[in-house]
Trainee: 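Here it is: the structure, laid out below.
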Amino acid sequence: MTRLVPDLEALLEPVTDGCSVAVPPDYSGVALAATRALLKRGVRHLHLIAVPQAGLQADVLIGAGAVGTLEAAGINLGELGLAPRFTAAVEAGAITMRDATCPAIHAGLQAAEKGIPFLPLRGILGSDLLKVRPDWRVIDNPYGSNDPIVLIPAIRPQVALFHARMADREGNVWVGVRRELMLMAHAAAQACVTVEEIVEGNLLDDPALAAGTIPALYISRIAHVPGGMRPLGFGEEASDEAALAGYAKAARTEDGFQQWLKGWLA
Amino acid sequence: MSAAAFTDEEQMAVVMARLLRGLRHVAVGALSPLPASAALLAQALDGQLQVTILGSKRYLKFTDGGRELFDCAAQGRIDAFFLSGVQIDGEANINLVGVGDYPKPDKRFPGSFGSAYLYHLVPKVILFRQEHTPRILVPKVDFVSAAGRSPSNVYRPGGPRHLVTGRAAFAFGERGFSLVSTHGGASAADIEASTGFAFERAAEVPSTPPPGAEELAALRGPVKAAVAEIYPAFASRAFGG
């Protein structure tokens with residue numbers, strides 16, 4: 001009954017090798033403590049889906065050799081520039097890259113949350129993305145004529161993994177205006193969430209909170225992990241800029257990254 | 001203080017801000033400090049302009065998650081947007097993916113982000129890139145993240161209208177790019193030498209009007225302060241005075 005699990009190990013049971021995992025962008029609650037736990041466990045061949053972009057988390061997972069396929073509209077370290085392990089892996093052909101554009105990832109997840117096979121989307125025509133994404137189709141708008149439009153197939157992640165501000169003991173998770181997290185939870189088969197705080201009572205009882213709450217219906221597992229997004233910031237909490245800059249510098253080389261990773265996993 | 005008492009970034013911000021006159025709503029993507037400065041400058045000089053800046057708390061009024069910007073654009077609620085590229089070609093195709101052959105390029109870049117979509121849907125897209133070299137402004141991009149032109153049957157209310165670099169301002173139309181003015185000490189001949197694609201130009205190309213006193217005061221006052229919320233490093237480096 002209860003979705004609260006005692007530790008990260010239990011939280012991450014659904015994230016098996018080869019699993020498709022949807023993750024949020026750096027500003028939206030990245031489950032980095034959970035990512036570290038996955039790497040300690042030695043997870044492999046993840047199909048990582050960035051919604052719609054990612055940064056530190058994707059770079060670390062790729063550098064550690066845990067990613068087989070990456071679907072993203074963009075990967076970088078924000079103001080710190082390129083994500084060095086991502087770029088090195090793509091240049092070496094070490095991962096399968098499924099390049100996308102932001103609204104296509106949103107649309108694919110929206111199709112999944114509606115239980116339909118695809119959503120049409122404007123734009124994109126003429127982009128080489130259509131050449132490298134044969135799963136994106138072009139049809140003639142059946143409600144118009146001679147009006148080509150792109151279809152984006154549903155994206156159904158096995159797991160949505162993110163960090164949120166709070167949950168209650170019923171398993172409801174509050175995300176506020178970070179509604180891409182709600183989209184991810186709706187679209188994924190399971191949502192595994194770390195939270196800053198477990199609150200008493202039911203988040204759905206307060207209409208102001210309920211509007212930003214993912215009902216327990218969509219949540220599989222919750223672990224109480226304060227600071228689970230660090231060194232990234234979240235809500236009112238600022239990022240640890242020194243730690244992020246330290247990563248960006250270390251990860252410029254394979255050796256530097258491996259040193260950093262050893263320290264992070266210690 | 002010398003005669004050219006403004007920075008290259010200030011000149012670019014002023015050029016881009018002037019292109020936003022009379023619009024209702026401009027949006028600025030992530031990692032775009034120069035466009036953010038331009039949008040906030042335009043707003044400072046014309047209080048009517050609504051400014052949306054991804055990555056900002058103060059200038060992001062969306063409540064429907066990451067998709068809202070894109071839905072908003074598709075409905076025609078955004079008048080202008082800024083895009084850049086690791087390569088930009090003479091057809092205004094932009095490349096944000098990589099240099100060399102896909103999928104294993106010689107040099108990989110972050111990815112296309114929202115460009116493939118917004119380039120079609122936002123009426124006035126302003127391309128920007130401070131570096132003005134044949135390495136960036138190429139005859140043909142290695143990967144088309146977003147296409148500059150579309151066949152006439154493609155639904156496309158938006159597209160490229162301008163390109164602003166650290167040395168020149170271009171307009172883009174049916175006949176391709178045309179050189180509007182030069183700045184940063186560049187002549188039209190310098191621009192021809194440092195641009196990898198052909199463009200139209202008049203026999204005499206004017207200099208870009210430099211930042212005016214009112215523009216500089218706004219840039220170095222309220223605009224700098226607001227930009228610092230999102231891009232502190234840029235704000236302390238890019239503004240003079």
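These figures come from a predicted structure and were not determined experimentally. Note on naming: letters A, B, ... go to the chains in the order of the sequence lines (proteins, then strands), and numbering restarts at 1 for each one. Reckoned from all heavy atoms, side chains included, excluding hydrogens, waters and symmetry mates.
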Trainee: For B:Glu10, does its backbone N or O pair with a side-chain atom of B:Thr7 as donor and acceptor, under 3.5 Å?
Mentor: yes
Trainee: Does any heavy atom of chain B fall under 4.5 Å from the side chain of A:Ala88, the backbone, both, or neither of them?
Mentor: neither
Trainee: Heavy-atom distances under 4.5 Å only: say whether B:Pro103 touches chain A with side chain, backbone, both or neither.
Mentor: backbone
Trainee: For residues B:Tyr155 and A:Asn141, is any side-chain donor paired with an opposing acceptor at under 3.5 Å?
Mentor: no
Trainee: Could you look at B:Leu118 and say if it's the side chain, the backbone, both or neither that has a heavy atom under 4.5 Å from chain A?
Mentor: neither
Trainee: What part of A:Leu183 gets closer than 4.5 Å to chain B, counting heavy atoms only: side chain, backbone, both or neither?
Mentor: side chain
Trainee: Counting only heavy atoms closer than 4.5 Å, note whether B:Asp106 contacts chain A via side chain, backbone, both or neither.
Mentor: backbone
Trainee: Mind running salt bridge (Lys or Arg N to Asp or Glu O under 4.0 Å) on A:Lys131 and A:Asp99 for me, showing each step along the way?
Mentor: CA-CA 10 Å; A:Lys131 294 183 186 161; A:Asp99 266 287; over 6 Å; no
Trainee: If you look at every heavy atom in A:Arg85 and A:Ile62, which pair is closest and at what distance?
Mentor: O-CG2, 3.6 Å
Trainee: In terms of heavy-atom proximity below 4.5 Å to chain B, should A:Leu82 be classed as side chain, backbone, both, or neither?
Mentor: side chain
Trainee: Could you check which of B:Ala74, B:Ser145, B:Ala146, B:Ser150 has the highest count of heavy-atom pairs closer than 4.5 Å to chain A?
Mentor: B:Ser145
Trainee: Please rank A:Ala92, A:Gly212, A:Pro52 by heavy-atom pairs under 4.5 Å with chain B and give me the top one.
Mentor: A:Ala92
Trainee: For the side-chain contact (heavy atoms from CB on, under 4.5 Å) test, which of A:Ile49, A:Thr69, A:Val159 pairs with A:Ser20?
Mentor: A:Ile49
Trainee: Between A:Pro103, A:Cys102, A:Gly123, which has the largest tally of heavy atom pairs under 4.5 Å with chain B?
Mentor: A:Pro103
Trainee: Chain B: which of A:Pro25, A:Gly78, A:Ala83 shares the most heavy-atom pairs with it under 4.5 Å?
Mentor: A:Gly78
Trainee: Using the rule ring-ring contact (aromatic ring centres under 6.0 Å, His included), only one of B:Phe170, B:Phe177, B:Phe172 pairs with B:Phe199; which is it?
Mentor: B:Phe170
Trainee: State which residue, out of B:Leu137, B:Ile136, B:Val138, fulfils the side-chain contact (heavy atoms from CB on, under 4.5 Å) condition with B:Asp89.
Mentor: B:Val138
Trainee: Heavy-atom cut-off 4.5 Å, strictly under: side chain, backbone, both or neither for B:Tyr102 against chain A?
Mentor: side chain
Trainee: Please state whether the side chain, the backbone, both or neither of B:Tyr119 comes within less than 4.5 Å of a heavy atom of chain A.
Mentor: neither
Trainee: Is there a donor in the side chain of A:Glu180 and an acceptor in the side chain of A:Ser28, or the other way round, less than 3.5 Å apart?
Mentor: yes
Trainee: Please classify the contact of B:Arg67 with chain A as side chain, backbone, both or neither, using a heavy-atom distance under 4.5 Å.
Mentor: both
Trainee: Dump the intermediate steps for side-chain contact (heavy atoms from CB on, under 4.5 Å) on B:Leu20 and B:Phe82, then the final yes or no.
Mentor: CA-CA 11 Å; B:Leu20 302 175; B:Phe82 299 89; 4.0 Å; yes
Trainee: Looking at B:Asp142 and B:Lys107, is there a salt bridge between them, counting it only when a charged N and a carboxylate O are closer than 4.0 Å?
Mentor: no
Trainee: In terms of heavy-atom proximity below 4.5 Å to chain A, should B:Val97 be classed as side chain, backbone, both, or neither?
Mentor: side chain
Trainee: Who wins among A:Met97, A:Met182, A:Glu79 for the most heavy-atom pairs under 4.5 Å with chain B?
Mentor: A:Glu79
Trainee: Mind telling me whether B:Phe70 and A:His106 have parallel, tilted or perpendicular rings, with 30° and 60° as the class edges?
Mentor: tilted
Trainee: What residue in B:Ile94, B:Asp64, B:Val154, B:Leu121 has the most heavy-atom pairs under 4.5 Å with chain A?
Mentor: B:Asp64
Trainee: Would you mind telling me which of B:Pro151, B:Gly66, B:Pro110, B:Gly98 has the largest number of heavy-atom pairs within less than 4.5 Å of chain A?
Mentor: B:Pro110
Trainee: Considering only heavy atoms, which portion of A:Ala100 lies under 4.5 Å from any heavy atom of chain B: side chain, backbone, both, or neither?
Mentor: backbone
